[in-house]
Structure formats: structure tokens, C-alpha cells
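Report on the following structure.
Here is the naming used below: chain letters follow the sequence lines, and residue numbers restart at 1 for every chain.
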Amino acid sequence: AQDEIIYGVVLVGPRNDRGWSQSHFEAGQYVEANNENATMLFFESLNEADTPEATLMDVVTEMVDSGAEVIFTTSASFEQDTNGVAEAFPEVVFINITGSNVLHGDAPFNVGNFNTLMEVPRLLAGCSAALASETGKIGYLGALIDPETRRLAASSYLGARHCWNTYRADMGMDLEFTVTWIGFWFHIPGFTLDPTEVANEFFDNGADVVISGIDTTEAIQVAGRRASEGSRTFAIPYGNAGGCDEAPEACLGVAYYNWGPAYLDVVNSAQDGSWEQSWDWLALDWMDINNPDTSTAGYLRGTGMPEEIAANLDEFQGALADYMSAQDMGVESIYLWEGPLNLQDGTELAAEGEAVPLLDIWFSPQLLEGMIGASE
Amino acid sequence: MNVEFLNTLASVVANATPLVIASIGETITERAGVINLSLNGSLIVTAMAGFIAARVISFGVDVDAIDMIASAEAGLIGGVVVAMLVGALVALIIALSSIELRLDQVTVGFILTLLMADLAQFLGQEYTRIPGPVVPKWPVPLLQDLPLLGPVFFQQNVLVYLSYVLVIGLWFWLFRTRPGMAHRAIGERPEAAYARGTNVNRLRYVYVVLGGALVGVAGGAYSLHFKPGLSNPPAMQGDGWIALAIVIFGGWHPFRVVVGAWLFAALRAVSSDIQKNGLAVLGQTIEFNFVLLNGLPWLMLIVTLLLVSSGAIERLLLLLPGPVQRRMRSVLRSDPPRAIGTTFEVD
Amino acid sequence: MLLPVLLSLLLAALLVLAVGREPQEVLEKIWQGAFRNTRSFAGVLNFWIPLTLASVGLFVTFRAGLWNIGIEGQILAGAIFASAGALTFDFPPELAPLQLLLQILLGVLGGMVWAGITGALKIWLGVNEIFGGMALNALAGVWGIYLISGPWYPEGGSAQQSRPFLENALYPPLSRDWPVGLLAIVMTAVAMVLVPLIMARTRWGLQLKATGSNPRSALLLGVPTTRVAMSAFLVCGALAGIAGSYRVMFTYGSFRPLVAGGIGFLGLLVVLLSTMKPLWIPLITFVFSAILAGSTRLRVSLQLDSSLAGVLQGTLVLVFILFQGLRQRLEARRGDQAGDVSQASASSQSGLTG
Amino acid sequence: MDIELRNIHKRFGTVHANNDISVVFPAGRITGILGENGAGKSTLMKILSGYQPADTGDILVDGNASRFSSPEDAIQEGIGMLQQDPLDVGAFTTLENFVYGRPERVLPDWQAARKDLEEASAHLGFDLEAETPVERMSIALRQQLEIVRLLALGVKALILDEPTTGISAEQKQTLFAALQQLAHRDGVIILLVSHKLEDVITLCDKVVVLRDGRRIGEEDMPAPGETDPVTLEKIKSQLVHLMFGQELGPHVRLEVPLDKVVLQLENLNLRDRRLQIENLNLSLRQGEVVGLAGLDNSGQGLTMRAICGLESVSSGRVLLEGEDMTNRSYRSFLHRGVVFGAAGRLEEGLIAGLTLTEHMALVRSGRAVLDWPALESYTSESLKHYDVRGEAEDRIEQLSGGNQQRVLMALLPANPQLLILEQPTRGLDVESARWIWQQLLERREGGTAILFSSAELDELVAYSDRILVFHAGRVHEVSDVASTTIDELGYLIGGEFKQV
Ligand SMILES: Nc1ncnc2c1ncn2[C@@H]1O[C@H](COP(=O)(O)OP(=O)(O)OP(=O)(O)O)[C@@H](O)[C@H]1O
Ligand SMILES: Nc1ncnc2c1ncn2[C@@H]1O[C@H](COP(=O)(O)OP(=O)(O)OP(=O)(O)O)[C@@H](O)[C@H]1O
Ligand SMILES: [Mg+2]
Ligand SMILES: [Mg+2]
């Protein structure tokens, strides 16, 4: 018999964007489903363009007014404002995803950050791309350039390179991994490149798999359309478990977030007053990476994935899990963020055999050597 | 010529298609002496209407449904028809307010631009980011095998072919047929048209609505193929303005209009290609900041309008030999229809 | 005058019912959201300030017969320039007012530069201001995104905004319970009173009107038409620049690429609605701001899409304009002035070629 | 066929434009319609040709009553009108204009049409070139095209509203010859609306005179070829009397001593889309009046505008009292008292939507802050002085054309250095034209130099000290106007410089 709790979720995009914002909205719903005393408030599309009249402060004020005790501000673009708001409402718990203020130590006591090891699903995404590709050309649809987007692109590349060299040696050619940045997290017509057209170009220029690194689903749309027209094209959407739905037959898989469990922890701990500030890089469930109750990110294989590659993907996933879970599952263990690794300009990131420290990954200064595309 | 390049050209032609259809529609409207400034909004709202119609027909009202209740063709046809009707409706508002109420066409058009965009987002929210029927590719028998031309122009879908037909058709209509003369006349000198027994305002209704309907087709073309589905912000945001500019750049002549549209599409392709490979000038490649590159099409828009306003295009006429001049005159003439934006009244 | 307002309110009500909500419940929420307490009221003012500044500026350009659609870009340019100041200067506290002034002036400059380019394109190069403006809006946006992803990229953060401005780079708030920039309110009030006065009483105002109505005649009557048209652009740009500076130097406290947020377009609607009667402008902008700011509460509690407000405003203006036309036609019918075939009356500065 | 009008009435608000007009137009006759401005000529003709319905009254064609609801109806009945500014489409070629409006199939038979066009124009001694775009053709040619077109549609009655304005003597001869041929050989009814007594007298068989909307008289004209000046003068004064109910004393030139040089053009070169003018030299003294003759678009307009900074000068110099003003802005000319008056009133010169006071404020107030009451009374004053029928707070477009012209005069500064006027009396009747010239000549006595263009040869001869004749950019100076006849001038306009 615990007392009621109201929590707010502030989304930067529409709740049905099939990507980033939707995954947070669903996390909110997950809490409601697993804690009968919890009720969600939410506010979608809080950005200067869609809602010029409202700031985070306005929205939070309204939410607190309606009784919210925990508020999730679900975009790095809320990172700064969250601090200010948190000072104004010290009695409320704020979680900013995916900020790092807490890490830097310049966040008020009632602010927490968390992020998840999306890098791992990305490795899997990259691997399946390499396994499925017949042309050896993979396109990566990048958002804007910052450390987060760089490390996600780099992870995809590492996965792809590994599986290409390990399982596709017979192709007898080098993998071509190209990154095109559109300029923002989603398509702002006229201000950014049009992801639809960028994806089309990848395919026009011989790529047969496009990995999406943006909040929205243009890549899978285009792949699906081309597939329906008879060409062999795949995409790997990003962010939301439902990412494949727009074109299942062309979907190799989706690297998605599953914030629900983390949200639930926060709400519960706030409810019983046990919440404490922290900066968490949330773990995945290595035994069952797609477990909705235990794994905070996952890689869901798409119906479009050719089954012949499944075996290789399993093997790679197993080896990865073996390393990450730090317990022996009787398979060789692989960790791809491991030397020898060079940055795009050739400077060494990690020497032979040594692993790249998490924080160096977090603050990736450049793309990696071997990737085609701008680093800034 | 390598296949990648042909693919890129084909994509340019494809990506330009909605622009072509929309600008042809606007050309029809403006040739009749009326400006439909609402293009940007019309495209967005018709894309919305077209997609929802197609989706509902093929999948039913349930937005989570994944299996079809009717054929994709049925949905597509229904979608395009609905898009046309909505486009025609918006245009009708402009025609009425201009012809009956003598309101400033630019004012009404602008209000509609904003209103339609918001309306589209409001009514379309449930249907954003869900799959719907997509206009399939349909290579033209025989023609598709032509060297070079085939892969670029004839391995596309019906919408693209429609754009070809529209361009050539409108040219023939305007410059070769008698009703086409009346069409031009009501935009150039309505009094003269009236004196020759043409019912100026009735024809203006017809052409404004027709033009609007084509804008609708363009909107549908976006959501049913070129930028499939609905998204927020709408993926064709801004293209309406470019289409309007293309009409001017095109000197209200279908041939120049289509060139303009292809030019813009090509430019977009180029600006993301430069991001990957840099710009090769005289051997050495210049790197560009990839964000700033996104400004290129807009610079281009200004430049093209400069070309027109400075009379540069028309000066080409003077360089040509006499007989060719006569042929090219209608193409290179950049004057807007004389009576554009004005109302016409008898007594 | 009243009829169209009522009609569009009716339409609005129907729309709300159509999405399964209670109109008067919606109205209540909006009212609470706007006027619940001083802070919510401040929220209204924070939107009213830039909207009014932009609208008053647009009143000037409309007077000169110009469709300054480029105002969005001008607001953004103002924001960019002001932010440049905010990110470079760091004056000691006693000189804080000076820094504030400098930044505002930079904002003004930015707006004027962007408006100036549109004006130059229009006046000397014959590029219609609607298209020049549209292009420059986008260019300003691209530039903004470039700045946050490059020069103004906040170290370690995410490339979606500049680093937050320091205290002394912001408009000082009136008080804790009144989070609104007093200085900005004063500037807005001055603008909304002074500009109409100047329009009505000075030769410049008259010359603007003349140029707007018929530039060729105006020139022959000794009006320096190019100078006048350009001045209209610059005045509007200046006001837009202040609006932009307020967005970044108070509302957000850092630079973001989309700060203009359609305020300029909304301003165009406001002026159309005011039918060029400047005294209405601050009232209309106030109502609009209240509805928008108030609807935040609406959305938290009732989950209505943000576009609803836009739909309502659009319908309001459209219906109003249509009614206007209808009234004029009916009056014309009554005072039956038969026209003449050989004179088709021009209803708009025809053509979009320049 | 023949046409009869019975008790035609037409009101525009309070104006009774046509008041119980009855008249017969018999076949094969050329009838002139005369009357002062606003007499109701155009209205009557528009009623007859279906552009406007009459309030009451009948139109009888060959005895049976017909009602026209559109020009098309009228043409069906065989009545067609040639407007003063021919109703053709500039962007079309001659042939397209000819074809458009014919009962053609969706795909016109261009070859046949071209044949018809060429035959018809040959038949009337016109030379129309099928492929030339109309916007490149002179008024005269466009008139010819319109006539050919109407006849091809089977018109048996042809109405011409002021057709002889702005065409050369030669073109006028061609036109008149064609009209006579049509009337006397083909039996077509010709109706000629004009302000030019000479034309009416030489061409018409009879003349109908309107005043204040009433038909107040009819005169038979002497047989063509009548040359005796005495009889001609007699008829003229009769007509004038009918038109204005009074005689107009003959205009006497008074010589004013020419003073120092005001304006000097040194081998000026001008160019626009159409034509270019080379090595134009001119020096204009205080109080001198120089007329610019020529068909429209022959260069007068370009020259006048270039002289005061409204068009750019490609080379050469414009000197104002010795100071080089080449390519300076119009306003800097204005500051030195050089004022340009354009032909179109509401297009160029006056501002629809502004009140008379606001107009006055624009030109008179040098102060930054306006003193409305003062301006108001000042305006009322000068409105009285120029007896403008209108109030200070009226908007300019509420005034009639004649009154708008007066307002323009009122706007001129008291004693400008140089007035450059484009067709200052266009469309005005003899009396109003006289009034305008009184105003101008008064200023001239104050030392103002005047440079004006006109399509009316008699006006040019009557008021100019010197005349510059423009033809396709070439300029020919006529220095002693006194001994130049209107016909000679007419030929010069046509480009036959040798004949003089
Ligand atoms: N159409 C006109 N006809 C006669 N006089 C005119 C006309 N237009 C202007 N003027 C006179 O010519 C002079 C120049 O006009 P204007 O008032 O614009 O110059 P200004 O007072 O010096 O203005 P500014 O200070 O902008 O230069 C004024 O004295 C004005 O009265
Ligand atoms: N469409 C109209 N609306 C109102 N009044 C009109 C209209 N047309 C003509 N009038 C008025 O009717 C009267 C006769 O005009 P009309 O044009 O027939 O005179 P007119 O003899 O042709 O004069 P002009 O010699 O200047 O051509 C004038 O007072 C004119 O102002
Ligand atoms: Mg002045
Ligand atoms: Mg007349």
C-alpha cells in the first residue's frame, strides 16, 4: 500500500516518431503498467520550432502544479535547462537523458543522468549489416556531429568491420563504410539534408545496407520502397523497438532503447524516498539482450534478415556477451573497442591489446580510421 | 558512363517529380492571371490527405493494422484522387476570394500556406510514421532499354511519367491550341479575351482549380512515393516556395519550368555528395563544412531569380539567329503574365 | 468586425469538440495556464514581447507595400548577433548594463543586416522580397545550425545549443515572481506607441504610404522611394533584431538554431488581422500570446497537439479576411459603381517577379 | 445594313452619360461622333458594340430590335468596335491575335488563317507580318490588325474611338483610304469618334455632335477633296459651337524673349530594350518651348526620362545651367526645379488611395513633422485657385480625369526651371487642353523652359518654338515651326526626313 506518485515525461519530438521520443514515451507507459500507483504526465514536441511559446521551465511548472514528483527530461537539448529547473524545484527529482552534468559534477543534487550502452547493439547492427551486404558498401545516416553520434557511428563500424573480415573474407574486397551527416537529430526541411534523399543516394551509389543514426525512420522507408521495387536493399533503424514496422521485409534489425526498467527504478525509489543522485551508464542483460524487464537497450532482429547470416550473428553476439558479462560462457570473448585502434587522422586511440576506457569512448573526439566521412 | 552516375541522374529526375508537377500546376494557375501562393501549405495538406486516404482504403482506419483489406492500387488511386480534391478545394478558396471578393491573392494565399500546414499536422498526427501503400516502380517496355535515356527516364514510376506528360501536354495546350490561346489571354489581357467572347472569370475558376488539383497530385506524390508516409515536420516543408520560384525561373513556360525543377533536385544531390567527397576543382578537392552546404539550394534560389530579374536569360535571345529567335521566343521570354494578381470585372 | 470573430470562435469550438474535448474546459485550462499567477502571466508576456515587436515592424513594411516574409530570418539573425556578443563579452558587474546594451545593439544590427540584404535584393536587383526573404530565412537557420555544431559547440555537451550565457549577458528579470525582462517590456511599449505616431505624423510616414501605394508616382512626387523602402526594411529588421535578442538573452539563455520559432509568420497574421490599424496590434498579440502560453497547461493535462493553436489562429484570420472582403463587396454593390470593361482594376501589386 | 438607335439612356450613378439619344447610321456612310470630354461618345459606342448595356432604349439593326449582352453578340450582329488602345494580346503574334476569337476548331488551321490574314490586309493596303509579336508593333499596325480581324469576323459596322491619335500622316492616309474603301465600296458603316475636327471634316460624310449626354446636332460634311480654307474654317467653327456652345478664339503665339541656356544635351546616347538614340544635341533656353514629335516608342519618352534621371544615359552629358547632371537621381533634378510629368495620371504622377492634402504634403512640405491643419487649408486654397472640382480630403481617384490633370498642375512648384511633360493634354478636349496650356504658358513667362511631347500635331505646331521629330531613334530638328504645315510634320513622323 504505497502512496500515489505522479511523474512527468518531457519529449523533444512527437511521441509517435518511431524513434528516440517514442521509446521514452513507451518507457513512461511501462512504469504505469508495472506500478499501479504511478500516473504519467507527458508533453511532446518541446522544441523551439514546434512550441516556441513554451520553455522547459513552463512545462515543468505545469507538471509540478499537477503534482509531478519525478520528471524525465528526455533530450540532451534539455541538459542545461534541467539544471535551472531543478534548482527552482528542489523537492522534485529530475532525470536528464542523456546528459552528463552529474558526471561533470555541475548538477544540482536532485538531478540524475543516465544513458545506456547503445554501443553494444550498435556493434550488432554493424555486424549484421556486414553479414547481409553483397556489395561491401554500407551507408551510415548520421545526425549532427558530437561525441555521442561519433561513438555510435564508430561502434557500428567496428561491428561491421569485424564481421566483414571474419565471416566475409571470401568476398575478397575491403568494406566501404560511409557516414553522411544530415546536420541535426531529425530532418528540419530546408535546414538539414533530407535523410530520404541521402538514403537514396547511398543505395544509388551501390550500398545495400543503410544504418540509421537519426531519430526518425527515413532509412527504413527508403530501403523498404526499393525492396518492394525488387532491389536487394536493407536498413537498420535506430531508437525504438517498433522501428522495423514501417517496412519489416527490408529490416535487418533495430538497435533500440528500452528505458522502461530504468524509469521504473527511479519512480519507485523516488516513491519510497530512496532515490540518490547518480550518473549511470546502464547495463544490458547479456543473457537476454531483448528482455523488456532487464535489458535497457537491445538489438531486435528484423523479419527481413536473411536467415543464413543468423548463425554468424549469434556467434558474434555470444562472444560479445562473454566479454561484457565478464563471466565465461565457454566461447571466445570479443570486445571490439580494443586496440589497435586509430582515430581518423591516424593518432592512436588504443595500443595493441588494451581496451579503450569507457570515458574515452563517451567523449570520442573523431571517427575511427577506415571510416569515410567528416569527423566534425 | 558508370551505373552509379546513371542511378544518381535517375534519382534526380525522380526527386524533382513533385516539384515539376506542382510548378506545372502553378504555371497553369498563373498563366490564367491568378497567383496561388499557398503552395507550401497545399503540398503539405494534400500529402496528408492523400496518404491517410490511401492508408485507410488499403488498411482500414486502425493505425496499427498491418494486413491489407483492399489492394494497394485501390488505396493509391483513392489517395491521389483525395489529394487532388483537397488541392482543388484550397485553390477554390483563392479563386473565390479573388474573383468574387476581390481580395488580395497574396494575402489569402499566405494565410492558407500557414493554416494548411498546421491543419495537416493536426489531422495527420495519428497517421505519422506508419507504413502505407507506395506507388510501385513501373519500367516502360522498350523505352527502358534505351542506352542512357532508358535507365534515367524510363525505369521510374507512373508519377514521373505523368510529369513528362504534363510538361509536354501543357506546352502543346498553351501554344498550339485555341483554348490554350484563351488560357494565355485571360492572364495577359482579360479585356481582349472578353472582347473575343471568352468568359474570363469562369475560365479563371477552371484553371485555378485545375492547377490546385495538380498541386494536390504533387502532394500525394510525396506521401505516396517520394517521401513515403507522414512525418513531423513534414518532409516537403519548403518545397512549395521552391516550386513557386521555379515557376518564375521557368518564365511561365513548361519546358523552362521542368529544367528549373531538375536543376534544384540535382543541386540537392550535389550538396550531400560534396560532403562526402569534397568539391573537385582543377584537380585538388576543396573540403566544405557540411552544415553550411545545406544553404546551397537557397543561394541557388536567389541566383536563379537574379538571372531572371537581370534579364540575363532573355538576352540569350539576342545571341540567337533570327529564325531560332522566333522559335525560342516563347521559351526565353521572362515577362510574367501581364494581368497576374489582378481582378477582372465587366461593368 | 465582431461577426467574423464569433464565427471563427464557433469553428474553433467545433474543432475542439471534433477531437473529443469540452470547449469550455479547454477555455478554462487556457485561462488558468495564462493567468493563474504572476509567473504564468510572465510567461504570456515573454511571448508577447517578441511577437509585438515583430508585428509592429511588419506594420511598417506593409505600409511600404512590402511582404517581409523574411522576418523569421531577421529575428534569427538578431538572435545570432546578440548571442555572439553574449558569448564574447564578460564585463565586470558595474558595467553589466553597458554589456546588455551592446548585445541588444548587436541584435538590432543583425536584424538590420538580414533585412538589408532582402531589401537590397528587392530594390536594386529586382528579386521579389517574398522569395528573397524565404531564402534568407533558411540561410539564417543553416548558419545557426553551423554555429552550434562548430564555433559555438558546447564542450562535452550535445550540439543542439550554445553553452548557457553568463548572468550579466541576460536581460535582468523584473523579480523572482515576475520572470520577465522589464527593459524589453519598456522597449516594446515604446515601439508600439511611437511607430504608429511616426507613421501618422511625419513626412517619412507619408512617404512610406506613398511608396507603398504607387512607387512610380511617389518618385515623381519627390519621394526618395528606394531610400524609403530600404528604411522600412531596416526599421522592421531592427525591431525583429530586438525580438531575437530577447529570445536568446532571456527566454532561453543560450543560442538555439530555431529560436525564431515562427513568431515572424505569426506576426504577419497579426498585422493582416489588424487591417493596418496599429492600435489593435498589441491587443491581438496579447490574445494570441495568452492562448499559446496558456495552451501549455492544456497540453499537459488534456494532451492536445501543439498545432491546434496554429489551426485556430489561421482559421480566425482567414475567416476574418474573407468577411472583410464580403462586406466591401456588399457595400460596393449598394453604392453601385459600374466598372468599365477596358479597365480591369488591379487588386494587388501584381506579379512575384520583383 | 443600317443601324438605328432609339432613345438610348445610360446613367452612371448621378451622371447621365447618355440622355435620350436617337440617331440613324445608314449603310456605306462614314459618320463622325464629336463632343467634349465626358459628352458621352464612348459610352454610346460601347452600348452599340455590346461592351455596356443601355439602361433603356433600342438598337435596331436593319429595322429589327436587338440587345447585346457582350461584344461577341454585337459582332454576331455585324457590329465591331476598335478601341483607342486596340484590344489585342501583346504576347501573341499577329497571326495568333487574328486566329484567337475566330470560330476555330481546338486545333486551328494555321495555314488557312495565315492566308486569310494576308489576303485581307492586302485588300485594304495594309502590310501585316504574321509572325511579329504585337507588343513590338506600333499603334497604327495594331489598329490595322484589329480592323482586319473584325472584318474577317463579318463585321458590317465598324466603330473607331479616336483612331488618329499617335499615328503618322502616312499611316493616317492608309487608314483613311481603307475606311473610305470599306464604306463607299464595300458598304460598311463606319463610325469615327474623334476630337480632331480636321480629320472628321476630311473623312466623314456627316457628323453627330453630343453634349452632356444629349445629341444636340448633326452636320453634313463637304465632299472629300474640299480644300477651300474659308469653307473649312466655317464648318470648324460651327462644330466647335455645337460642341462647347461657344466659340474658341484662335490661339495667338506670343513671343517671349529667350533668356540664358537652362538645359544642354551634349551628344547624348541612350538605349533601351527596343531602340537606341545616338548623338542627341540640344540646348534649351529659359522660356523656350520645345515639342517632341513622333509615333509612340520612337524615343521621345526615353529622351525625356533620361534628361531628368529617370532613365540612364549610356554616354554624353546632360548640363543643367552648365552643371553636369548626367545620370543623377530624379530627386536631385527635382531639387533644382526640374519636374517631370508623365502621360498616365493614376499610373505615374498621382497616387490612388491618397487624399489631395496628402499629395500636396508630399511635394510641398520640406519639414519632417507634418502640420496637417496647415496643409489642409493650403490645399483647399490651391484647389480653388486651379478650380478643381473636389475637396482637400477627397482621395485622388474620386476625381474625374480632367480634374486629376488640374491637380497635377497644382502640384507643380510655382516657378520651376524646366518642365518636362509627356503628352500633357492626352485625351482632353480642345477646351480643357487650352486651359492646361494657359497654365503652362503663364509659367513660361516666368522663365520656365518647357519640353513636351504630344501625339497631336496641331498642338505641337501651335505651342512649340522648335520641334524635335523622333523616328525609330533618329532625331530631326524643325527650327522654324511657323512655316511648317501639319502634313509636313506628319511625314517627318513617318520617317521621310528627305521630303522636307
Ligand atoms: N512633383 C513635384 N512637383 C513640384 N515640386 C516638387 C515635387 N516633388 C518635390 N518637389 C519640391 O522639390 C523639393 C524636393 O522634394 P523633397 O521635399 O522630397 O526634398 P527634401 O525636402 O530635401 O527631402 P529630403 O530631406 O528627403 O531630401 C521640395 O522643395 C519639394 O517641394
Ligand atoms: N464606367 C463608368 N463609371 C462611371 N462613370 C462613367 C463610366 N464611364 C463613363 N462615365 C462617365 O460618363 C460620362 C461620359 O463618359 P464618356 O467616356 O462616354 O465621355 P467621352 O465623350 O468618351 O469623353 P472623352 O472625350 O474624354 O472620351 C463622363 O462623365 C464619365 O465620367
Ligand atoms: Mg524628401
Ligand atoms: Mg471617350
Which bit of D:Thr132 is near chain B, if near means a heavy-atom gap under 4.5 Å: side chain, backbone, both or neither?
neither
Closest heavy-atom pair and its distance - B:Ala192, D:Leu87:
CB-O, 3.6 Å
Dump the intermediate steps for side chain to side chain contact (heavy atoms under 4.5 Å, CB included) on B:Met181 and D:Val99, then the final yes or no.
CA-CA 9 Å; B:Met181 273 197 272; D:Val99 170; 3.6 Å; yes
What heavy-atom pair brings B:Ala185 and D:Tyr100 nearest, and what distance separates the two atoms?
CB-CE2, 3.4 Å
Between D:Glu146 and chain B, which part of the residue has a heavy atom less than 4.5 Å away: side chain, backbone, both or neither?
side chain
Tell me which of these, D:Leu153, D:Leu107, D:Val106, has more heavy-atom pairs under 4.5 Å with chain B than the rest.
D:Val106
Check each atom of D:Arg149 against the heavy atoms of chain B and say whether the ones under 4.5 Å are side chain, backbone, both or neither.
side chain
Taking B:Arg189 for the side chain and D:Asp88 for the main chain, is one N or O donor matched with an acceptor at less than 3.5 Å?
yes
Taking side chain as everything from C-beta outward and backbone as N, CA, C, O, which of these in D:Ile75 sits under 4.5 Å from a heavy atom of chain B? Side chain, backbone, both or neither.
side chain
Please step through side chain to side chain contact (heavy atoms under 4.5 Å, CB included) for the pair B:Glu191 and D:Gln83, ending with a clear verdict.
CA-CA 11 Å; B:Glu191 313 83 44; D:Gln83 303 275 351; over 6 Å; no
Whether the side chain of B:Arg338 engages the backbone of D:Ala91 through a donor-acceptor N/O pair (distance < 3.5 Å, no angle test) should be reported.
no
Minimum-distance pair of heavy atoms, taken over all atoms of B:Ala195 and D:Pro71:
O-CB, 3.9 Å
More than 12 heavy atoms of other residues, nucleotides or ligands under 6.0 Å from CZ of D:Arg426: is that the case?
no
Going through the checks in order, is the side chain to side chain contact (heavy atoms under 4.5 Å, CB included) test met by B:Arg333 and D:Glu135?
CA-CA 12 Å; B:Arg333 190 173 190 273; D:Glu135 61 199 350; 2.8 Å; yes
Tell me, side chain or backbone of D:Asp73 under 4.5 Å from chain B's heavy atoms, or both, or neither?
neither
